[in-house]
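Residue numbering restarts at 1 for every chain, and letters A, B, ... go by the order of the sequence lines. Hydrogens, waters and symmetry mates play no part in the numbers below; they use all other heavy atoms, side chains included.
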Amino acid sequence: MAAEKGKKEIVVLLVGPPGSGKSTFCESVMKSSHRPWSRICQDIINNGKAGSKAQCLKMAMESLKEGKSVFIDRCNLDREQRSEFIKLGGPHVEVHALVLELSAQVCISRSVKRSGHEGNLQGGRAAAVVNKMLRSKELPKLNEGFSRILFCYNDADVENAVKTYTMLGPMDTLPSGSFGLKNPDTKSQPGIMNFFKKVSAVPAASSSSTEATTPKANEKIEIVRVSPVPTLAFPSISTADFQFDLDKASDIILETAEAFLPKLGPARLVLVDLSHGSKILSLVKAKASRKNIDSGRFFTFVGDITKLHSQGGLHCNVIANAANWRLKSGGGGVNAAIFKAAGSDLEAATRARANTLLPGKAVVVPLPSTCPLLNAEGITHVIHVLGPNMNPNRPDCLNNDYTKGCKILREAYTSLFEGFLSTVQDQSKLPKRNNQATVSDSGEEDPERNKKFKGTIASNMKSGSVDDSGKKRSKGWSSWALALHIIAMHPEKHENIVLESTDHIVVINDQYPKARKHVLVLAREESVDGLEDVGRENIQLLEEMQNVGLKWVQRFQDEDPSLIFRLGYHSVPSMRQLHLHVISQDFESDHLKNKKHWNSFTTSFFRDSLDVLEEVKSQGKANVESEAVLRGELRCNRCRSAHPTIPRLKSHIRTCPSPFPHHLLQTSRLLARPDSSN
DNA sequence: GTTCTAGAAC
DNA sequence: GTTCTAGAAC
């Protein structure tokens, strides 16, 4: 009996989708265990047929009364499903969970085989069932009431678990706790697309704990995919109402798509047109096959872009809209159709990102969860694109100027594909930052100011946006990062802090000086956000910034000749608007608090103004150092000795007697008065 | 960029 | 116990 002294029954909840091996596990243990077990399987509890949870509970209680331990052989994938079985626990009954985290593919193929009805339909159903279950899976936690949880990720783990439970005699117990959990991140399962993003961002990730929801790169069976391949469906831009030449347009589509496919991983690009007789479709199709473009990853499709999944059976997670400049519904065609299908959600979501769009630009709009397009078609993002216009009855007609037109159309597709790329992967590691959005921060759009079409996508501009997986994106500038930009654009509104200004520059004190003297010379050029945006056209500007910086050094040294300065730029600025740091080398400041602060001024991340000028003159651009150096050791800027913490470093630099390194002394990178004793 | 703070390091 | 870092939130 259960009450027998020292003896404890065990309830083991198997946790896993169909085909994960729950029944096999139970049978293996029961075959040679010395402990009496009862397997309670919901699939057969009803005289061989599937039964209810209540039946399972009742039978479990009966078995426990008989002194048997029990396996609860049902999926038990979410907390709620498990909760009532956990209540079976008590002073004489322990409750364990055994989690079978095997890959979705394995589970699906096993359940297909078991059903004895191989083939697409059965396979499709099995896949659908497993996928659906995995989507709402919650891994068990000790605080649900388990005394022990064991995670298995592969056959070897399962074999060990079988041994563990087989060896368990009637009087034995197992240690409490959670065992074998490999990646605690899987405790909550975000939407299926989030998973895909995570996986595609780190293609090398092979942690088997995510395997259950990770598609293999080269899956052979379509239905086994847990997440669909990211796919962008896009209409031909500018060739309908904007009357752009079809031949030229088709060349540009192919050219830009071809350039992007290698960057997109397994993702697909699909040109869509409503009509079977579409000329642009047949042109693109013919040219694509001539160019031997991978037809699995770039193809044309006839259908309604708002109903590709439901009517066409094509799964696309992102669609492009041939938008108008006002980013509003209307005009008929694709634009009207998409706005109609997406409902008011799209207008609101668009408005949160941008108010207007310039030709050649794109804006990525994530659809809110309530959006019908998301729910009915699985579309997670709409990317609005505005192409060039050749129709005299529409705004901004280019009057047949195809030089300009082709350039803008190329930009439009590039912006679109970049936008798509940004939905596929987290781009935080991309070195280039100059593909910035050009929608104004205040939401007011000034078409005049975008003389250069260097930027491409307009997205995530309103604030530090967070993508679906919770990471901050590198695109766009958070509101705090705009402070310098705002001052540079309107110094007259900030008279209280502006020390000096000309048509091209503004000088201010750094709000959080990292040394006794620390001022910033801001460029007033609209489109130059940082060193990476600098080109030959900015040489005069760089020279003026340096001269103004030197003037301020003189001024400071007149007050205190012992001050030593460097003039330079951060390789990758945290704040928008090119700014030159004029900073004394004492680094005596309470605002200098962390490794990033120190390393940004004392490693190769800090690019001396002189060097930058020389590089721009000779090679047309400045070299920039990777942000990785910011995480390096803390080294003295004079003797280069390493120090474990910021406080220790600071106390060292207060008294370090060494001269500055050779390369700084050699040229006039380091600005010291001759009579200073350094 | 800063502030705040959990928790690692000492 | 305190010091310090590093990540999240802004």
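A salt bridge between Asp558(A) and Arg673(A) is present, with a side-chain N of the basic residue lying under 4.0 Å from a carboxylate O of the acidic one. A salt bridge links Arg516(A) with Asp560(A); the closest basic N to acidic carboxylate O contact falls under 4.0 Å. A salt bridge links Glu526(A) and Arg576(A); the closest N-O separation between the charged side-chain nitrogens and carboxylate oxygens is under 4.0 Å.
Rounded to whole angstrom, the span from the CH2 atom of Trp480(A) across to the P atom of dA8(C) amounts to 14 Å. One interatomic measurement links the two molecules: CD1 of Ile486(A) to C1' of dG1(B), which rounds to 13 Å at whole-angstrom precision. Nucleotide dG1(B) holds its P atom 9 Å from the CG atom of Leu484(A), rounded to whole Å. Rounded to an integer number of Å, the gap from Trp477(A) CH2 to dC10(C) P is 21 Å.
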(message) Checking Val498(A) against Ile508(A) for the side-chain contact (heavy atoms from CB on, under 4.5 Å) test, could you report, in this order, the C-alpha distance in whole Å, the side-chain angles of both residues, the deciding distance, and whether it holds?
(response) CA-CA 5 Å; Val498(A) 169; Ile508(A) 59 170; 4.3 Å; yes
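The stretch residues 646-654 of chain A touches DNA chain C through Ile646(A), Pro647(A), each having a heavy atom within less than 4.0 Å of the strand. The stretch residues 505-514 of chain A touches DNA chain B through Tyr512(A), Lys514(A), each having a heavy atom under 4.0 angstrom from the strand. Heavy-atom distances under 4.0 Å link DNA chain B to Lys593(A), His597(A) of residues 592-599 of chain A, given in residue order.
Remark: Lys617(A) engages Glu543(A) in a salt bridge (Lys or Arg N to Asp or Glu O under 4.0 Å) (not counting sequence neighbours). Taking the side chain to side chain contact (heavy atoms under 4.5 Å, CB included) definition, one finds that Arg607(A) meets it with Leu531(A), Ser571(A), Asp611(A), Val612(A), Glu615(A), Asn623(A), sequence neighbours left out. With sequence neighbours excluded, no residue forms a side-chain hydrogen bond (donor to acceptor under 3.5 Å, both in side chains) with Asn637(A).
Using modelled atom types and a 3.5 Å distance limit, the side chains of Glu544(A) and Thr502(A) yield a donor-acceptor pair. Side-chain polar atoms of His518(A) and Ser589(A) form no donor-acceptor pair below 3.5 angstrom.
Using cut-offs of 30° and 60° on the angle between ring planes, the pair Phe601(A) and Phe606(A) is tilted.
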